[in-house]
Amino acid sequence: MSEALWIKIVGTLPAVLWVAFAVTVYLTLRTTLIQRMVPRLTAVRALGIEVELAAELLDRAQEESRAPVPPAAKRTALGRLEHAAEVLQGGKVLWVDDHPERNSALIELFRKAGMEIDLALSTEEATRLFRRRSYDVLISDMTRDGDQRAGIELLRKLDQYRVDTPVLIYAGHFAPERGVDRRIFAATTVPVELVHYVIDLMERSRLGPL
């Protein structure tokens, strides 16, 4: 090989090395970026619901409940829904209310998030369901068919059959000054708060006490 050819090869070597360096940096950064983005992309896909649709459902829930929801509270709930997508997937909820149509937006929201929602119109119907299968969360109103103690009766049935499912009270009226049963994890009349409580319980169920 001639000396002139060697000089030409040596002269082009720095350029080749720079190209190799640039390719290496690109591939490294690309892999890192993908790894960082995967959890978020997985969460979005696992959620199975577009943010716009989730926001619409929360707006509908607000109208159904007539509970005022500040925009910041709605944004926070939507953010939690997205990041909790994996723990919500496959979660089982028993929802007891004699007027499920009032909860239609939230029911649709949780189902779009991958949760299984069983509906019961009475304590008797709920009892048959929770004796047949286990649930991660039980949501109940307090008054059904004019019986103001219907929610309390449901709690007694859980005790009777030794069912440890945590209970969320979602009702238009709740008087904690009358006493709060040990089974009640939380009570609210506000849709976005119910979303947070469901996520809290699913995280505890899947990940253990935090």
### Query
Quick one: does Y135's side chain get under 4.5 Å of L129's, heavy atoms only?
yes
### Query
What orientation do W95 and Y170 show, parallel under 30°, tilted 30 to 60°, or perpendicular over 60°?
perpendicular
### Query
Ignoring hydrogens and geometry, is there a side-chain-to-backbone donor-acceptor pair from D145 to D147 under 3.5 Å?
no
### Task
Report the C-alpha separation of V195 and L109 in whole Å, then their side-chain angles, then the decisive distance to 0.1 Å, and conclude whether the side chain to side chain contact (heavy atoms under 4.5 Å, CB included) test is met.
CA-CA 9 Å; V195 168; L109 178 65; 4.1 Å; yes
### Summary
Of all heavy-atom pairs linking T188 and V190, the shortest is OG1-N, 3.0 Å
### Query
Any donor-acceptor pair under 3.5 Å linking the side chain of R111 with the backbone of I117?
yes
#### Entry: Distance-minimising heavy-atom pair for A126 and L94
O-CD2, 3.8 Å
### Message
Quick check: do V93 and D136 have side-chain heavy atoms less than 4.5 Å from each other?
### Response
no
### Task
State, yes or no, whether a side-chain contact exists between I169 and V167 at a heavy-atom distance under 4.5 Å.
yes
### Task
Return the set of residues passing side-chain contact (heavy atoms from CB on, under 4.5 Å) with E56 (not counting sequence neighbours), or none when no residue passes.
L53
### Query
Between R144 and S122, do the side chains contain an N or O donor and an N or O acceptor separated by less than 3.5 Å?
no
### Task
Give a yes or no on whether a salt bridge exists between D141 and R102, defined as a side-chain N under 4.0 angstrom from a carboxylate O.
no
### Query
Minimum heavy-atom separation for L88 to M115, with atom names?
O-CG, 3.3 Å
### Task
Starting at CG of L138, measure out to CZ of F130 and round the result to the nearest 0.5 Å.
7.5 Å
#### Entry: Qualifying residues under side-chain contact (heavy atoms from CB on, under 4.5 Å), relative to R80, sequence neighbours excluded
H196, I199, D200, E203
### Query
How long is the gap from CD1 on I184 to CG on L155, to the nearest 0.5 Å?
5.0 Å
### R75 side, atom CZ; L78 side, atom CG - distance, nearest 0.5 Å
9.5 Å
### Query
Donor-acceptor pair, T127 side chain versus T123 backbone, under 3.5 Å?
yes
### Task
State, yes or no, whether a side-chain contact exists between V96 and I139 at a heavy-atom distance under 4.5 Å.
no
### Query
Please walk me through it: do F185 and R204 pass side chain to side chain contact (heavy atoms under 4.5 Å, CB included)?
CA-CA 12 Å; F185 176 81; R204 189 172 73 169; 4.0 Å; yes
### Query
Which atoms form the tightest heavy-atom contact between L121 and D97, and what is the distance?
CD2-O, 3.4 Å
### Task
Please tell me if the side chains of L168 and L201 come closer than 4.5 Å, counting only heavy atoms from C-beta onward.
yes
### Query
Nearest 0.5 Å, what's the CG-CD distance between L57 and E108?
4.5 Å
### Query
Does the E116 side chain pair with the main chain of G91, one donor and one acceptor, at a distance under 3.5 Å?
no
### Query
Can you tell me how far CG of N103 sits from CZ of R60, rounded to the nearest 0.5 angstrom?
11.0 Å
Compile the donor-acceptor pairs under 3.5 Å between side chains in residues 63-73 and protein atoms, sequence neighbours left out, one pair per line.
from: E64; atom 1: OE1; to: A105; atom 2: N; distance (Å): 3.4
from: E64; atom 1: OE2; to: S104; atom 2: OG; distance (Å): 2.6
from: S65; atom 1: OG; to: A61; atom 2: O; distance (Å): 3.1
from: S65; atom 1: OG; to: Q62; atom 2: O; distance (Å): 3.3
from: S65; atom 1: OG; to: A67; atom 2: N; distance (Å): 3.2

### Query
Looking only at heavy atoms, which two atoms of P100 and I107 are closest? And how far apart?
O-CD1, 3.9 Å
### Separation of L119 CG from E101 CD (nearest 0.5 Å)
10.5 Å
### Exercise: identify the closest heavy-atom pair between V87 and M202
O-CE, 3.2 Å
### Query
Are any non-hydrogen side-chain atoms of M142 and I152 less than 4.5 angstrom apart?
yes
